[in-house]
There are 2 protein chains.
Amino acid sequence: MISLTEENYLKALIYLSSLAPGIEKKRDVSTSELASYLKLKSSTVNEMLKRLKDKNLINHEKYKKITLTHSGERNGLKIVRRHRLWETFLFTKLDFDWIEIHEVAEQLEHIKSEKLVEKIDRLLGYPSFDPHGDPIPNKHGNIPQRITKSLSTVKKGETCMVLAVSDTSKDFLNYLEDLDISIRTEIVVIDKIAYDKSVKIKIKHEQYSLSREVADNLLVGGKFN
Amino acid sequence: MISLTEENYLKALIYLSSLAPGIEKKRDVSTSELASYLKLKSSTVNEMLKRLKDKNLINHEKYKKITLTHSGERNGLKIVRRHRLWETFLFTKLDFDWIEIHEVAEQLEHIKSEKLVEKIDRLLGYPSFDPHGDPIPNKHGNIPQRITKSLSTVKKGETCMVLAVSDTSKDFLNYLEDLDISIRTEIVVIDKIAYDKSVKIKIKHEQYSLSREVADNLLVGGKFN
DNA sequence: TTAATTTTTTAGGCAATACTAAATATTATA
DNA sequence: TATAATATTTAGTATTGCCTAAAAAATTAA
Ligand SMILES: [Mn+2]
Ligand SMILES: [Mn+2]
Ligand SMILES: [Mn+2]
Ligand SMILES: [Mn+2]
């Protein structure tokens, strides 16, 4: 049995080693990195590492970096799958806001019932991406891949479609909501300002200017992607 | 904040003091009764009673019986509401079996989100009774009332409809499923055997004999109830 | 390459939730 | 009413998961 707390450690390890934006191939994770991500003390994390190792969920030698075992990775991906399926359920079936879904999914992801997850998956029509555009691992732990690029890299005059966001903080999502930007929104790049790397865009005949930071965190694909 | 464990104690207290079959008016509950219901030792329960009292959820004087405070009762009913709404969701929206829903609802009832509960309630069309026929407290803690009687009390020749079961054990529910009996099943009482108080019944042209025990645990109403 | 800094581990505590065993209070019985 | 049986509480222990402070190892900088 993997406890709720252990599940959160596994999820954090999956994130830091594989899923965090910008990671190409798997990275090893340090105790302090994990501690700071979970907002816990290193000594606390260190104790948990022993338990996770005993349960064969991680590899860890004293003073060395942490890697997930096969079992740890499979279990971690299971939790990511549940989290993203629940987010999709809350968003599409219960009309929760983009901003609210994460918090509730943080609780729902720990419900232990294979059957429940599969039933929810079916109800949703086996989605590949969650409402933030993040890929939903399938029941075998395979993660759907999709080519996206940052809005910053789109050329002047081109049209693209928002596929995902690389920042899911409330502040960012709220700002996007104000701008009427969400998943599948079409954006035309009107102009690119060399000076501050901001972009002038058009959404449904409305024009806006987006800072470099915002453009960086909007992941887009071609119009027919 | 009420912990998951504390929630389970409150739910047990609501059950033992008010909801258990056969309770007319509220009863006080003893430590040992609560312990045996929760399958815990009395000493464990005794410690928890102190914490619940500190949080003003129960009234308890040393060596005396336990009663719920207003706050304890409201919080307990909230959990019962969540449990029964989730059971209804699993049964009607996800096609879970009658037998499986309770276990998963035991987990889901602890998810903390007012909004989620209200959204699920709306999705279900504000049901008054769960798939076992148990009343669902509304958001103000009011419990819908309905007149039912045991199948044992139905007179020979009369037709009635199953409204609820007073035993929700897997054994009983499985047996009912074999007999094709569920909520809203119509039953005609063909004969009542004085000797062992068993009843001969007809369900959709099929005849069965039900033992006294089974008949006692089937709660029915008039055909147009 | 030694010294300073940072990271990791160990040691000792604490709160929540469980247990067993023993002490104490209450209730039932003779 | 005295005693036996039962119920409740207290005392002491364990595990999980968190903390602070201090020791030890590894890394970085002088
Ligand atoms: Mn999320
Ligand atoms: Mn997401
Ligand atoms: Mn139930
Ligand atoms: Mn029920």
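Chain letters run A, B, ... following the sequence lines, proteins first, then strands; residues in each count from 1.
Of the residues listed (A/Lys139, A/Arg81, A/Lys115), the one engaging A/Asp121 in a salt bridge (charged side-chain N to carboxylate O under 4.0 Å, His left out) is A/Arg81, and it is the only one. Test B/Glu114, B/Glu73, B/Glu118, B/Glu7 against B/Lys78 for salt bridge (charged side-chain N to carboxylate O under 4.0 Å, His left out) and you get one pass: B/Glu114.
In this structure, B/Glu33 places its CD atom 20 Å from P of C/dT26, rounding to the nearest Å. Remark: C1' of D/dA7 and NZ of B/Lys62 are 14 Å apart, rounded to the nearest angstrom. In this entry the distance linking NZ of B/Lys64 with P of C/dA25 reads 14 Å, nearest Å. Separating the CE atom of A/Met1 from the C1' atom of D/dT15 is a distance of 17 Å, rounded to the nearest angstrom. In this entry the distance linking CD1 of A/Ile66 with P of C/dT7 reads 14 Å, nearest Å. In this structure, B/Glu61 places its CD atom 16 Å from P of C/dA25, rounding to the nearest Å.
No salt bridge links A/Lys50 with A/Asp54; every basic N to acidic carboxylate O contact stays at or beyond 4.0 Å.
Aromatic rings from A/His102 and A/His132 are positioned such that their centres are separated by 6.0 Å or more. Remark: aromatic rings of A/Tyr37 and A/Tyr15 are close, center separation under 6.0 Å.
Within 4.0 Å of A/Lys65, counting heavy atoms only, lies no atom of the nucleic acid at all.
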Anything under 3.5 Å between a protein N or O and an N or O of nucleotides 16-23 of chain C, put it in a table, one pair a line.
| from | atom 1 | to | atom 2 | distance (Å) |
| --- | --- | --- | --- | --- |
| C/dT17 | OP1 | B/Ser3 | OG | 2.8 |
| C/dT17 | OP2 | B/Arg51 | NE | 3.1 |
| C/dA18 | OP2 | B/Tyr9 | OH | 3.4 |
| C/dC19 | OP2 | B/Lys41 | N | 3.1 |
| C/dC19 | OP2 | B/Thr44 | OG1 | 2.7 |
| C/dT20 | O4 | B/Ser43 | OG | 2.8 |

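Between the OG atom in A/Ser3 and the NZ atom in A/Lys55 there is a gap of 5.5 Å [rounded to 0.5 Å].
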